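Small disclaimer: the values here were computed from a predicted structure and weren't measured.
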Amino acid sequence: MAIARRRIDLEEGRAALTAWRAAVGQEAGHEPGPVTPPSRTVMATAVRYSLEELTARAPGNSVEVRVPPFGVTQCVEGPRHTRGTPPNVIECDAATWLSMVTGRLAWSAAVDAGRVAASGLRADLSELLPLF
């Protein structure tokens with residue numbers, strides 16, 4: 001199976017995740033307080049980097065992960081779909097996605113709270129998250 005080429009530079013991606021963590025008060029040594037919303041550019045880069053990392057760790061085409069409007073990827077080995085909407089789809093907003101990949105929010109808690117839409121038998125990332 002071919003490995004997808006990364007589009008986000010590793011250092012740029014890590015820097016975006018660090019900036020997102022600092023903006024939401026998750027950075028080590030950061031005192032809890034008012035949350036400063038991260039910039040759209042930081043969010044976009046962090047989401048795209050984390051989607052690329054997910055694909056690198058779980059290559060495949062059986063699950064589609066959507067984080068609109070910033071990115072989408074296919075991952076997890078299994079049956080490949082070729083036309084139309086894939087049978088296993090996961091979708092959530094950027095803040096939820098970044099919270100899950102950094103360990104700030106558990107997969108099960110996000111699903112239970114309705115912050116993640118997951119359909120299909122393979123639409124479960126609990127074994128893969130958090131990534132960082």
> Does the side-chain contact (heavy atoms from CB on, under 4.5 Å) test come out yes or no for L51 and V67, once each step is laid out?
Replying inline: CA-CA 9 Å; L51 288 171; V67 185; 4.2 Å; yes
>> Looking at every heavy atom in both N88 and S62, which two are closest together, and how far apart are they?
In response: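 Heavy-atom minimum between the residues: ND2-O, 3.0 Å.
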>> Quick test of your reading of the model: are R48 and E52 salt-bridged, counting only N-O distances below 4.0 Å?
In response: no
> What about V89 and V101, same hydrophobic cluster or not, with Ile/Leu/Val/Met/Phe/Trp/Tyr joined at side-chain heavy-atom distances under 4.5 Å?
Replying inline: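 V89 and V101: separate clusters.
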>> How close do P38 and W20 get, counting heavy atoms only, and between which atoms?
In response: CG-CD1, 3.5 Å
> Taking all non-hydrogen atoms of both residues, which atom of A123 and which atom of A118 are closest, and how far apart?
Replying inline: O-CB, 3.6 Å
>> Pair E64, R66 - check salt bridge (charged side-chain N to carboxylate O under 4.0 Å, His left out), show working.
In response: CA-CA 6 Å; E64 186 166 290; R66 302 172 181 169; 2.7 Å; yes
> Within a radius of less than 6.0 Å around CZ of R40, do more than 12 heavy atoms belonging to other residues, nucleotides or ligands occur?
Replying inline: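 No.
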>> Would you compute the distance between atom CG of L128 and atom CE of M100 and round it to the nearest 0.5 angstrom?
In response: 11.5 Å
>> How close do T45 and G13 get, counting heavy atoms only, and between which atoms?
In response: CG2-CA, 4.3 Å
>> To the closest 0.5 Å, what do you measure between CD (E53) and CZ (R14)?
In response: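 One finds 8.0 Å between CD of E53 and CZ of R14.
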> Cluster question for you: counting only ILVMFWY and a side-chain heavy-atom cut-off of under 4.5 Å, with indirect links fine, are I8 and L10 together?
Replying inline: yes
>> If we ignore hydrogens and angles and just use 3.5 Å, is the side chain of N61 paired with the main-chain N or O of V76 as donor and acceptor?
In response: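 No, N61 side chain to V76 backbone: no donor-acceptor pair under 3.5 Å.
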>> Minimum heavy-atom separation for A95 and D93, please, with both atom names.
In response: N-OD1, 3.1 Å
>> How close do C75 and L54 get, counting heavy atoms only, and between which atoms?
In response: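 That would be SG-CD2, 3.8 Å.
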>> If you define the side chain from C-beta out and look only at heavy atoms, does anything of L98 sit under 4.5 Å from S50?
In response: yes
> Is there a donor-acceptor pair closer than 3.5 Å between any side-chain N or O of T96 and the backbone N or O of C92?
Replying inline: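 Looks like no, no N/O pair under 3.5 Å.
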>> If the test is side-chain contact (heavy atoms from CB on, under 4.5 Å), which one of L105, I90, T102, V47 qualifies with W97?
In response: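 So, applying the side-chain contact (heavy atoms from CB on, under 4.5 Å) to W97 and each of L105, I90, T102, V47, only V47 qualifies.
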>> As an exercise, state the distance from CH2 of W107 to CG of L125, rounded to the nearest 0.5 Å.
In response: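 The CG atom of L125 is 4.5 Å from CH2 of W107, to the nearest 0.5 Å.
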> Under the side-chain contact (heavy atoms from CB on, under 4.5 Å) test, which residues partner A106, sequence neighbours left out?
Replying inline: S108, A109
> Is the F132-Y49 ring centre distance short of 6.0 angstrom?
Replying inline: yes
